[in-house]
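Here's the structure we're looking at; comments come further down.
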Amino acid sequence: MKKNKIVWLISFLLVGIFVLIGCGQSEKAADNQENVDSLAAIKKAGTLKVGIEGTFPPFNFHDEKDQLKGFEVELAEAVAKKIGVKAEFVETKWDSLIAGLDVNKYDVVFNNVSVTEERQKKYDFTNPYAYSHATLAVKEDSEIKTLADLKGKKSAQTVSSNYAQDAEKLGAEVVPTDGFAQSIDVEIFSLLTFKML
């Protein structure tokens with residue numbers, strides 16, 4: 001049964017292989033042709049260049065041998081294999097991850113990127129392969145007990161993330177970080193919990 005879920009997931013992702021390829025919503029016919037052309041270019045190159053953070057366990061991280069591992073790494077490799085190419089990972093900080101698509105630094109992003117209205121105006125998304133829910137996590141002796149208690153406090157976030165926007169809306173001061181690993185070293189951070197499809 002687990003194998004069937006994996007095969008289904010890979011097939012499902014292949015339908016929307018271009019996780020975040022820039023395009024406008026009003027040009028669907030041109031977008032479809034652009035996606036076909038992009039897939040042909042990827043096949044010709046023999047590699048699927050994947051933008052990834054590399055610091056977000058269990059999705060993507062480095063193991064004790066400094067090898068890139070994680071669910072999204074395996075998923076990207078499976079998608080690349082299915083289309084007959086190799087996955088080439090391009091690691092970058094979260095705040096420049098999505099922008100890397102604009103300058104063709106890579107073909108796709110596999111990095112637990114949340115779908116927002118603003119991002120949908122510029123990029124295409126596959127159907128979700130995980131659902132992430134923000135959870136407030138603080139030190140054990142913290143006076144913060146609810147989201148309302150964040151007002152006037154500091155929240156460690158990557159500044160371009162939707163979690164930074166949420167913290168600001170709650171009145172928190174966002175302390176910029178390079179990614180999740182650095183965020184947990186600061187007193188307050190949003191911790192992602194997730195439910196796999």
Report yes if some heavy atom in the side chain of [X] is under 4.5 Å from a heavy atom in the side chain of [Y]; otherwise report no.
X: Thr92; Y: Lys105; value: yes
X: Leu101; Y: Lys122; value: no
X: Ile52; Y: Val109; value: no
X: Glu53; Y: Asn60; value: yes
X: Val113; Y: Trp94; value: yes

Salt bridge (charged side-chain N to carboxylate O under 4.0 Å, His left out) contacts touching residues 61-71 (sequence neighbours left out):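 Listed once each, the pairs would be none.
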Salt bridge (charged side-chain N to carboxylate O under 4.0 Å, His left out) partners for Lys93, two or more places apart: Asp178
Check whether [X] and [Y] end up in the same hydrophobic cluster, where Ile, Leu, Val, Met, Phe, Trp and Tyr are linked by side-chain heavy atoms less than 4.5 Å apart.
X: Leu75; Y: Phe56; result: yes
X: Val90; Y: Phe61; result: no
X: Ile144; Y: Leu147; result: yes

Listed partners of Glu74 passing side chain to side chain contact (heavy atoms under 4.5 Å, CB included), at least two apart: none
Under the side chain to side chain contact (heavy atoms under 4.5 Å, CB included) test, residues paired with Glu77 that sit two or more places apart: Val73, Ala87, Phe89
Solution key, residues 41-50 side-chain donor-acceptor pairs under 3.5 Å, sequence neighbours excluded:
none

Plane angle bin for Tyr129 and Phe71 - parallel if under 30°, tilted between 30 and 60°, otherwise perpendicular: tilted
Side chain Tyr106, main chain Leu97, donor-acceptor under 3.5 Å: yes
Under 3.5 Å donor-acceptor, Glu168 side chain and Val174 backbone: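 No, because the side chain of Glu168 does not come within donor-acceptor range (under 3.5 Å) of the backbone of Val174.
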Stepwise side chain to side chain contact (heavy atoms under 4.5 Å, CB included) check, Thr126 with Phe110: CA-CA 10 Å; Thr126 64; Phe110 276 81; over 6 Å; no
Results of side chain to side chain donor-acceptor pair (under 3.5 Å) for Glu91 - residues two or more places apart only: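 Scan of Glu91 (side chain to side chain donor-acceptor pair (under 3.5 Å), adjacent residues dropped) gives His62.
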Closest approach of Glu143 to Asp149 (non-hydrogen atoms, all atoms of both residues):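 Distance-wise, the nearest heavy atoms are O-OD2, 4.0 Å.
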Distance-minimising heavy-atom pair for Arg119 and Phe125: CB-CZ, 3.7 Å
